[in-house]
Amino acid sequence: MTEAMIRKKPGMASVKDMPVLQDGPPPGGFAPVRYARRIPTKGPSAMAIFLATFGAFSWGMYQVGQGNKVRRALKEEKYAARRAILPMLQAEEDERFVKEWKKYLEYEAEVMKDVPGWKVGENVYNSGRWMPPATGELRPDVW
């Protein structure tokens, strides 16, 4: 609206002559303003979440324990099988060692035949104890 329509006369007038038009509340007042936090209580409680987590963790640890028992039994079975065939494997290795040792002594006798005082098969160390040959000494196919 224009000023002339409000005053119902043309031209400028003093501000004091203008009617006071002030906004105010509607009749009966405004509706109350909600300023409090009202958080809805949706979902499980903290205790329910804690108990569910504890239950899942407990069940998982139970499963780990059961898996450990199975793994321990399988490992024991493997070791028992190894212990059962160990004497046969050791006998085969001993037989191979004796054959190779005889070949080695023949080779030593042939190589050292010109050395006076050399005793074939005698230990070159003076410890008095029998020492097995170093790894691969009797296995020229490995070196």
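Because only heavy atoms are used, hydrogens play no part in the values below, and waters and symmetry mates are left out as well, while side chains stay in.
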Show the numbers, then the answer: is there a side-chain contact (heavy atoms from CB on, under 4.5 Å) between Ile49 and Thr53?
CA-CA 6 Å; Ile49 292 172; Thr53 304; 4.2 Å; yes
Would you sort out whether Lys102 and Val98 count as a side-chain contact (heavy atoms from CB on, under 4.5 Å), showing the intermediate values?
CA-CA 6 Å; Lys102 287 181 182 176; Val98 169; 4.0 Å; yes
If you apply the rule ring pair (Phe, Tyr, Trp, His ring centres under 6.0 Å), what do you find for Tyr104 with Trp101, and how did you get there?
CA-CA 5 Å; Tyr104 177 74; Trp101 186 248; 5.5 Å; yes
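Nearest approach of Glu110 to Lys113, heavy atoms of both residues: O-CG, 3.4 Å. Of all non-hydrogen atoms in Val120 and Leu105, the two that sit nearest each other are CG1-O, 3.5 Å.
Using a 4.5 Å cut-off between side-chain heavy atoms of Ile, Leu, Val, Met, Phe, Trp and Tyr, with links allowed through other members, Tyr79 and Leu89 fall into different hydrophobic clusters.
The pair Lys103-Glu100 counts as a salt bridge, with a side-chain nitrogen and a carboxylate oxygen less than 4.0 angstrom apart.
Surrounding CD of Glu76 are more than 12 heavy atoms belonging to other residues, nucleotides or ligands, all under 6.0 Å away.
Put simply, CD on Gln90 and CZ on Phe97 are 11.0 Å apart, with the number rounded to the nearest 0.5 Å. Remark: Leu86 CG to Glu93 CD distance equals 11.5 Å, nearest 0.5 Å.
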